[in-house]
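Have a look at the structure below before the remarks.
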Amino acid sequence: MTDDGRDESADAGQVRYDQARYVENGQYEPLLAEKDLTRVEIGDDDDSPLPDDLTRDSLELPELSEPELARHYTRLSQMIYGIDSGPYPLGSCTMKYNPKFTEDVAALPSAAVHPDRSERSTQGTLELMYRLQDYLGRIGGMDAVTLQPPAGAAGEFVGIRVAAAYHEHNGEGHRDEVIIPESAHGTNFATAALGGYDVVSLPSDDEGRVDLEALEAALSENTAALMLTNPNTLGLFERDITEIAEMVHDVGGLLYYDGANLNALLGRARPGDMGFDVMHYNVHKTFATPHGGGGPGAGPVGVVSELAPFLPSPRVRESEGGASEPTYELFDPDHTIGKVHGFQGNWLVLVKTFAYIARLGDAGLADASAKAVLNANYLASQIEYDVPYEPFHHEFVASAGEQDAADVAKRMLDFGVHPPTTKWPEIVPEALMTEPTEVESKATLDRLAAAFNAVADEDDDTLETAPDRTTARRIDQTSAARSPRLSWHALEDE
Ligand SMILES: *Cc1c(COP(=O)(O)O)cnc(C)c1O
């Protein structure tokens with residue numbers, strides 16, 4: 001340990017950015033504290049109940065002009081890569097551009113309602129939630145929707161809790177297994193385990209889809225649910241989905257839809273019509289709300305009518321009787337699993353979701369999925385890497401072949417684009433899982449393809465030392481994650 005409590009061994013693996021180089025390139029941006037520090041007296045508070053050594057009467061604060069401050073943050077923002085910098089083709093994560101008008105709608109003064117206000121004085125808020133429940137239900141082919149869960153993974157957990165409550169209610173509490181394809185997202189396994197279930201892992205067939213024989217063998221009277229995403233993580237549509245649904249229902253299990261890939265189906269096909277009983281919507285993937293990054297998100301859950309009584313409380317419904325205009329109220333579903341979030345969920349995220357769906361309408365949503373699929377297929381046709389599984393929809397998984405997919409990703413940063421998701425799903429060796437999304441133009445897709453192809457031709461030495469042109473270079477991600485350095489110390493101190 002050093003004087004300021006840092007673990008020196010931890011620092012060894014951290015971002016080394018070469019200060020001299022960045023000063024030279026005009027890229028280095030000091031902290032505000034390095035620019036200016038002024039000692040400010042804050043007055044002695046003799047009445048403080050805190051011990052003397054825990055109080056202070058002055059502190060150092062930067063005192064900077066507005067342009068200095070604006071430039072500081074602008075320069076910092078230029079040291080990173082974001083969805084406003086260029087294409088961001090992370091497969092499965094669906095990093096699409098979020099139109100700014102949804103921010104404007106969420107910033108309207110009327111959106112700033114205190115959640116403790118009376119139902120009578122928040123009718124507009126309740127109506128928006130009611131209509132959003134309805135939109136999402138119709139998009140997914142589900143009968144009832146809760147808006148509460150704060151992320152896709154949280155939605156999964158709610159969905160599995162609802163499934164458990166349903167089985168329990170029907171005297172089927174002995175069901176203790178959830179079946180999940182090997183190619184599924186890690187959150188599916190985590191959800192099932194956290195829900196108290198044993199995970200039964202399902203292999204894929206040669207074509208990359210659910211192996212029906214293996215499914216038959218996995219299903220039993222202990223099956224609580226099968227969790228699927230469709231198209232799957234290879235972008236392949238599960239052609240046998242109605243048969244799969246029948247097989248699961250025949251043993252009394254439920255079919256869970258992981259909504260992360262809904263972009264491929266939006267406005268064209270509905271999980272409910274395929275036989276799914278419960279699903280989550282990743283609004284930050286499909287309906288253009290910001291990815292949370294730990295901040296507020298939303299992962300609404302839809303269910304068929306048999307499961308509706310178990311949804312979290314409260315939900316919103318039209319009140320009965322009397323008034324000439326419809327009025328809305330909160331209610332607790334009869335056998336609710338309880339609350340899963342404060343108040344009604346992350347309200348402003350839901351406002352953005354609503355604004356996006358309302359603006360696009362039926363035609364716009366169908367157009368979005370068409371372009372998402374077209375863009376993925378165009379991009380795949382332009383790159384030199386092999387794409388072993390077809391026909392894919394909104395995303396594809398290329399193989400980096402002899403190259404290391406992680407090195408390919410690092411090197412792509414040097415060409416000014418964000419790389420795809422790497423090394424997953426594992427069924428494709430050195431996977432480059434790519435989803436350009438519907439928002440990118442042909443010119444941008446061509447730029448992305450050029451970056452892929454430039455890297456495809458490079459040798460290992462170049463790849464292993466990349467990136468060269470970014471603010472931070474190779475980062476030891478494992479040490480950075482295991483021993484994060486949480487306090488700043490100026491570079492000169494080292
Ligand atoms: C992103 C993702 C999830 C988890 O959703 P979050 O909203 O990130 O919690 C689940 N399944 C798949 C296939 C995903 O891509």
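The analysis underlying the following values was restricted to heavy atoms, covering all of them including side chains, and did not include hydrogens, waters or symmetry mates. When a ligand or atom number is given, it counts from 1 through the structure's own listing order. Counting from 1, the numbers follow the sequence of the chain as shown.
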Checking a contact table here: which protein heavy atom is nearest [atom], and how many Å away?
atom	answer
atom 9 (O) of ligand 1	A153 N, 2.8 Å
atom 5 (O) of ligand 1	N282 ND2, 2.9 Å
atom 15 (O) of ligand 1	S92 OG, 2.5 Å

Test of proximity, N261 against ligand 1: N or O pairs below 3.5 Å: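 For ligand 1, there is no N or O atom that lies under 3.5 Å from one belonging to N261.
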
For ligand 1, which atoms, with element, lie under 4.0 Å from some heavy atom of [X]?
X	answer
D258	10 (C), 11 (N), 12 (C), 13 (C)
E156	10 (C), 11 (N)
H284	6 (P), 7 (O), 8 (O)
T187	3 (C), 4 (C), 10 (C), 11 (N)
G152	5 (O), 6 (P), 7 (O), 9 (O)

Six-ring centre of Y130, R315 cation under 6.0 angstrom, axis tolerance 45°: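 No, cation not above the ring by the 6.0 Å, 45° rule.
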
Is the charged tip of R359 near the ring of F101: under 6.0 Å from the six-membered ring centre and within 45° of its axis?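 Positive - R359 is close enough to the ring of F101 and near enough to its axis.
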
With a 4.5 Å heavy-atom cut-off, do M279 and L262 have their side chains touching?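 Yes - at least one pair of side-chain heavy atoms lies under 4.5 Å apart.
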
Between T229 and ligand 1, which residue portion shows a heavy-atom distance shorter than 4.0 Å: side chain, backbone, both, or neither?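 For T229, no heavy atom sits under 4.0 Å from ligand 1.
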
Could you see which bit of A260 sits under 4.0 Å from ligand 1, with heavy atoms only: side chain, backbone, both or neither?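 The answer is the side chain.
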
Taking the six-membered ring for Trp, are Y389 and F396 closer than 6.0 Å centroid to centroid?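 Judged by ring-centre distance (under 6.0 Å), Y389 and F396 do not meet the cut-off.
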
Centroid-to-centroid, Y256 to F276, below 6.0 Å?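 Between Y256 and F276, the centre distance exceeds or equals 6.0 Å.
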
Passing candidate, side-chain hydrogen bond (donor to acceptor under 3.5 Å, both in side chains) with H394, options T437, N261, T94, N263: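 Going through T437, N261, T94, N263 one by one, the side-chain hydrogen bond (donor to acceptor under 3.5 Å, both in side chains) with H394 is satisfied by N261 alone.
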
Please state whether the rings of Y81 and Y88 are parallel, tilted or perpendicular, taking 30° and 60° as the class boundaries.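 Judged by the thresholds at 30° and 60°, the geometry between Y81 and Y88 is tilted.
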
Could you report the tightest heavy-atom contact between D404 and K423, atom names first, then the distance?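 D404 and K423 have their closest heavy atoms at OD1-NZ, 3.1 Å.
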
Return yes when K285 approaches ligand 1 closer than 4.0 angstrom through a heavy atom, no otherwise.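 Heavy atoms of K285 do come under 4.0 Å of ligand 1.
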
